[in-house]
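Notes to accompany the following structure.
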Amino acid sequence: MSDLFDPLFPEAKLHDHFRLIRADPVYAEVIPVIQSWATGLLERKGERHKFIKEFQSTFNSSIWEIYLNRALIDLGCSVDFSKSAPDFFVKGPGNYQFNVEAVVSDQPPTTKQQNTFSAQEFKTRGALKLIGKIRDKLGLYRGTNGKKHSYSSLSHVRGRPFVIAIAPFDSKMSLFQNNELINMVPWHGTAGAGRPRSGKAGKHSVSPQGFGRAGRNGSFHK
């Protein structure tokens with residue numbers, strides 16, 4: 001039975017991060033850790049092969065699910081993998097049940113990476129990408145856009161908390177984000193897609209600090 005790191009594609013079709021982890025000796029000890037974190041996800045009926053293909057070819061959404069899977073375990077929760085959707089039907093301490101849908105703000109693999117942003121451009125761009133993905137998942141929950149079987153209609157979802165677990169992977173600089181960008185989401189979601197008219201989003205100050213290495217002109221670099 002194949003595992004996450006047994007390639008299913010020619011080298012050219014493997015994601016850069018997958019190739020790096022698999023080929024670089026520095027990451028040798030990481031491979032069994034990632035494999036163990038995927039326990040449960042790979043046992044979901046009819047999903048193993050699909051999940052491994054996505055992990056190897058697109059990587060980001062799959063590694064986020066793997067991380068969340070391990071985080072839930074470490075928090076003392078268990079996941080019922082017999083439910084195909086949302087991504088995690090969770091039972092926490094005290095038999096508290098809730099659902100988690102994982103999503104990343106990614107970019108198409110053919111998109112050319114932009115490595116320099118102004119402080120405001122970096123924040124606005126990142127916040128708008130988060131908004132788009134959250135809206136997509138709310139559509140799945142509510143059953144909009146012609147979806148017949150919404151998440152909210154499922155018996156294990158109805159009447160229980162629904163959590164959207166989102167992570168930014170839309171550029172090589174995404175992990176420089178802190179909570180400022182997600183704090184901007186409610187403001188942008190109601191005010192539209194334009195740039196903020198002031199330096200604040202709700203009660204949260206928007207400043208260029210905390211987003212990596214800033215250049216003299218206020219831009220950010222890899």
Side-chain angles (χ1 to χ4, degrees), residues 41 51 54-55 58-72 75 77 79 83-90 92 96-109 111 113-114 117 119-154 156-207 210-212:
L41 288 171
F51 188 91
E54 291 177 352
F55 176 76
T58 59
F59 190 79
N60 292 334
S61 60
S62 300
I63 197 67
W64 179 232
E65 286 190 42
I66 290 170
Y67 173 85
L68 289 171
N69 186 53
R70 179 63 192 192
L72 290 167
L75 289 170
C77 301
V79 179
K83 306 292 191 296
S84 60
D87 293 317
F88 301 95
F89 176 45
V90 185
Y96 185 80
Q97 296 178 333
F98 59 100
N99 292 271
V100 178
E101 179 74 356
V103 64
V104 299
S105 58
D106 215 337
Q107 62 178 349
T111 301
Q113 287 279 353
Q114 182 178 348
F117 303 90
Q120 189 59 64
E121 181 184 17
F122 177 72
K123 290 182 283 187
T124 301
R125 176 183 180 274
L128 292 178
K129 285 185 173 292
L130 294 173
I131 289 169
K133 292 301 181 178
I134 291 172
R135 283 178 174 167
D136 290 346
K137 293 303 181 180
L138 285 176
L140 290 175
Y141 179 80
R142 294 168 175 166
T144 56
N145 300 323
K147 183 175 175 59
K148 294 181 179 179
H149 303 291
S150 63
Y151 285 169
S152 59
S153 70
L154 302 174
H156 64 283
V157 177
R158 196 182 308 118
R160 295 183 174 91
F162 177 74
V163 179
I164 298 175
I166 188 166
F169 286 93
D170 52 272
S171 79
K172 291 180 180 178
M173 298 174 63
S174 293
L175 296 183
F176 284 118
Q177 292 184 22
N178 58 23
N179 66 314
E180 243 179 327
L181 270 68
I182 196 67
N183 289 340
M184 292 171 67
V185 165
W187 189 91
H188 275 290
T190 57
R195 292 180 182 272
R197 291 186 294 272
S198 69
K200 293 186 178 181
K203 296 181 180 179
H204 302 281
S205 174
V206 179
S207 64
F211 291 97

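Residue numbers run from 1 in the order of the sequence given.
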Worksheet item: What orientation do F98 and Y96 show, parallel under 30°, tilted 30 to 60°, or perpendicular over 60°?
Response: tilted

Test item: [X] and [Y] side chains (from C-beta on) under 4.5 Å apart, heavy atoms:
{"X": "Y151", "Y": "N99", "answer": "no"}
{"X": "V157", "Y": "P86", "answer": "yes"}
{"X": "F55", "Y": "E65", "answer": "no"}
{"X": "I66", "Y": "R70", "answer": "no"}
{"X": "I134", "Y": "V185", "answer": "yes"}
{"X": "V79", "Y": "V100", "answer": "no"}

Could you give the distance from [atom1] ([X]) to [atom2] ([Y]), rounded to the nearest 0.5 Å?
{"X": "I63", "Y": "L68", "atom1": "CD1", "atom2": "CG", "answer": "10.5 Å"}
{"X": "L154", "Y": "S84", "atom1": "CG", "atom2": "OG", "answer": "7.5 Å"}
{"X": "F162", "Y": "L140", "atom1": "CZ", "atom2": "CG", "answer": "7.5 Å"}
{"X": "N69", "Y": "C77", "atom1": "CG", "atom2": "SG", "answer": "11.0 Å"}
{"X": "L128", "Y": "S105", "atom1": "CG", "atom2": "OG", "answer": "11.0 Å"}
{"X": "N183", "Y": "L130", "atom1": "CG", "atom2": "CG", "answer": "11.0 Å"}

Considering all heavy atoms of both residues, which atom of [X] and which atom of [Y] are nearest to each other, and what is their separation?
{"X": "H156", "Y": "A85", "result": "NE2-O, 2.7 Å"}
{"X": "K137", "Y": "I164", "result": "CB-CD1, 3.8 Å"}
{"X": "P161", "Y": "Q97", "result": "CD-O, 3.6 Å"}

Worksheet item: Distance only, no hydrogens: is a donor on one side chain within 3.5 Å (strictly under) of an acceptor on the other, for T124 and Q120?
Response: yes

Worksheet entry | For D170, the option from R125, K129, K133 that meets side-chain hydrogen bond (donor to acceptor under 3.5 Å, both in side chains) | R125

Would you say [X]'s side chain and [Y]'s backbone share a donor-acceptor pair under 3.5 angstrom?
{"X": "D106", "Y": "S61", "result": "no"}
{"X": "S152", "Y": "R142", "result": "no"}
{"X": "E101", "Y": "D87", "result": "yes"}

